[in-house]
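See structure below.
In this text, all values refer to a predicted model and were calculated from it rather than measured experimentally.
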Amino acid sequence: MAGLGERASYQQRAVGTLLVVTVLLGVLGLPVAVWLDLQILSERVLRMQVSEASRIIDAMRSFYGSDVFGRVLQSPEPVRILQSPEPVMVTHKYRDIAGAIPIPATLSIELGQRISAQDGSVKYRFVSDMPFKGREPHQLDGFEKEALARLKANPEQPVVEVSGSLFDKNIRTAAPVVMGPGCVSCHNAHPDSPKTDWKVGDVRGIQEISVRQPIFENIFTFKYTLSYLSLASLAGFACILLQRRQARLIRGMNQELTEANDFLAGISRKLAKYLSPQIYKSIFSGQKDVAIATERKKLTIFFSDIKDFTTISERLQPEDLTQLLNEYFTEMSVIALRHGATIDKFVGDAILIFFGDPETKGVEEDARACLRMAVDMQQYMEHLNARWRKRGIDLPMRVRMGINTGFCNVGNFGSEDRMAYTIIGAEANIAARLQAIAEPGGICLSYETYALVRDMVRAKPLEPIVMKGIKREIVPYAVEGLLGELAQRSQVIVEHVMGLDLFLDLDAIKQSEIDQARRRLSEALAALEMSHPTAKES
């Protein structure tokens, strides 16, 4: 019972843990998934923004280089703006000359400074590793150095770097600044140019665009999703709390059931001491009802009694007598249960046992099992007597046994409040009477039993007896010897007289000790013949 309660409690805890894990995965898994998707979406948007910004700046630079800067260079006459007397000059030092305009590279540098000066999420920078003389050199970081090297090797493949954490993303992209015809002629002829052998298609530098996107700030734009997730989280945690409360209640109930089962199991084990195991099993399994009811069955009844028990009880102290009698009943009960007997009751020093209810193997086999039991009991009595003699009780017990087969009423007898499972009928009285006429240490059978076991024993008929209330004469059969399977059993040789205490169990003696036993018996016989030489002759 306790094992079932423990398994149920373990299963409940396992289910509870699984439910908690499932709810947590459901509550936390969706926000995590949304966050990861938001990161991916943010990175894609940033890549698109960088690409578009780069495209716009390229288009602007291209327009400025071809339609502004290029036209000024291609004009045969000095170009003047409106009515200005000063001609338009294209130079990288346009701030120092009135009416001058910047070259495309200077325009790009100035544009990057203006855009990056704002504390915004978009940064733009135009850098080169070969600036004009007099211009402050550009400080290149690792990304820019790597981008320049890679773009000079392959201008067609832009360089992109993604960085950041779970809460923000930053994307930097570098595109090549390729020298056009106008740029080549200007740079190769300009006195401040660090290089004068530029060719169309050479990479002059890079334009870098950096876009930063704080994901955490944008998360609050998902107000409806956040509201749903909050409600789902509250519902999930409420479910967990309810489940834990229910689990505690169930554990408490299981604990109470376990304690109740343990109590009932203990009570049932105690009650089993007052019932034969077969009766106990049939009642607790539901095969038999606890109600006043009987059946008529053909049983084999066994009755035993200790010869001169009154005299023995007078010579022993009550404590010794109680211990001796309980030991006797215990050993006889073990033998009876081993043969499938139903122990009815103990009456003083007498034992009433029957075969055939509630379990039976047939009338004949029940009778044979009863005879085997009686033989084992008589043989074991020799063991008990030897044991008691070692404890100083020099009063050998001799048990008389009677066995009868016939129909009896068996079942629950008594009142509604108290009843006993027993047998009633003349056949039980016959078994008791057969025991009374048996020899001490002997077994007496009725003719009905002898007819069922005659191939197992050698028995002689005794004088018929007549019992009150029974019309027929009863012919007792006293067992004189054993046949068949019983004769092949181990023999116990016992003799106890003044000066001799012999107990020889041929089945219990070990093979390695047979020679020693034979030698000691030979020595004892030789000593006896030497001390009493005339005893052998007589």
Side-chain angles (χ1 to χ4, degrees), residues 1-29 232-295 322-323 325-346 351-355 357-361 410-422:
M1 296 292 184
L4 291 176
E6 292 176 358
R7 287 197 296 272
S9 178
Y10 173 77
Q11 292 176 355
Q12 180 65 29
R13 290 196 298 270
V15 171
T17 303
L18 181 61
L19 179 60
V20 170
V21 172
T22 303
V23 172
L24 289 177
L25 288 177
V27 171
L28 301 178
S233 300
L234 292 175
F237 286 114
C239 180
I240 292 176
L241 293 177
L242 291 175
Q243 189 278 332
R244 292 178 66 86
R245 180 175 178 274
Q246 183 182 14
R248 285 195 298 270
L249 291 175
I250 293 177
R251 281 197 299 270
M253 294 173 62
N254 286 337
Q255 180 65 27
E256 293 177 0
L257 287 174
T258 300
E259 293 175 356
N261 287 336
D262 292 340
F263 174 76
L264 293 175
I267 292 297
S268 65
R269 285 193 296 268
K270 294 177 181 179
L271 290 176
K273 303 294 184 179
Y274 295 91
L275 297 172
S276 179
Q278 298 91 333
I279 306 302
Y280 168 82
K281 179 180 177 181
S282 61
I283 291 175
F284 278 83
S285 64
Q287 296 177 1
K288 287 186 178 293
D289 293 330
V290 183
I292 297 177
T294 62
E295 298 179 78
T322 300
Q323 182 181 359
L325 192 59
N326 287 336
E327 189 174 355
Y328 164 71
F329 283 146
T330 298
E331 298 296 347
M332 296 301 105
S333 298
V334 170
I335 295 173
L337 296 177
R338 187 167 67 237
H339 288 275
T342 300
I343 302 174
D344 189 314
K345 60 175 67 74
F346 304 112
I351 304 175
L352 177 60
I353 296 173
F354 57 86
F355 287 76
D357 183 83
E359 299 173 356
T360 180
K361 295 182 179 179
V410 59
N412 291 321
F413 293 87
S415 67
E416 292 292 341
D417 298 325
R418 183 173 180 178
M419 58 188 69
Y421 196 91
T422 185

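Thr422 contributes atom OG1, which lies 6.5 Å from atom CZ of Phe354 (distance to the nearest 0.5 angstrom). Atom CZ of Arg251 is separated from atom CD of Gln246 by 11.0 Å, given to the nearest 0.5 angstrom. To the nearest 0.5 Å, the span separating CD1 on Ile335 from OG1 on Thr330 amounts to 11.5 Å. Arg245 CZ to Ile250 CD1: the interatomic distance, rounded to the nearest 0.5 Å, is 11.0 Å.
Atom NZ of Lys361 has 12 or fewer heavy atoms from other residues, nucleotides or ligands within 6.0 Å.
Of all non-hydrogen atoms in Val410 and Phe413, the two that sit nearest each other are C-CE1, 4.3 Å. Between Ala341 and Phe355 the shortest heavy-atom distance is CB-CZ, 3.3 Å.
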Is there a side chain to side chain contact (heavy atoms under 4.5 Å, CB included) between Asp357 and Tyr421? Walk through the geometry before answering. CA-CA 11 Å; Asp357 183 83; Tyr421 196 91; 2.5 Å; yes
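In this structure, the side chain to side chain contact (heavy atoms under 4.5 Å, CB included) partners of Glu327, at least two apart in sequence or on a different chain, are Leu384, Arg387, Trp388, Arg391.
With a 4.5 Å cut-off on side-chain heavy atoms, Tyr328 and Ile351 count as touching.
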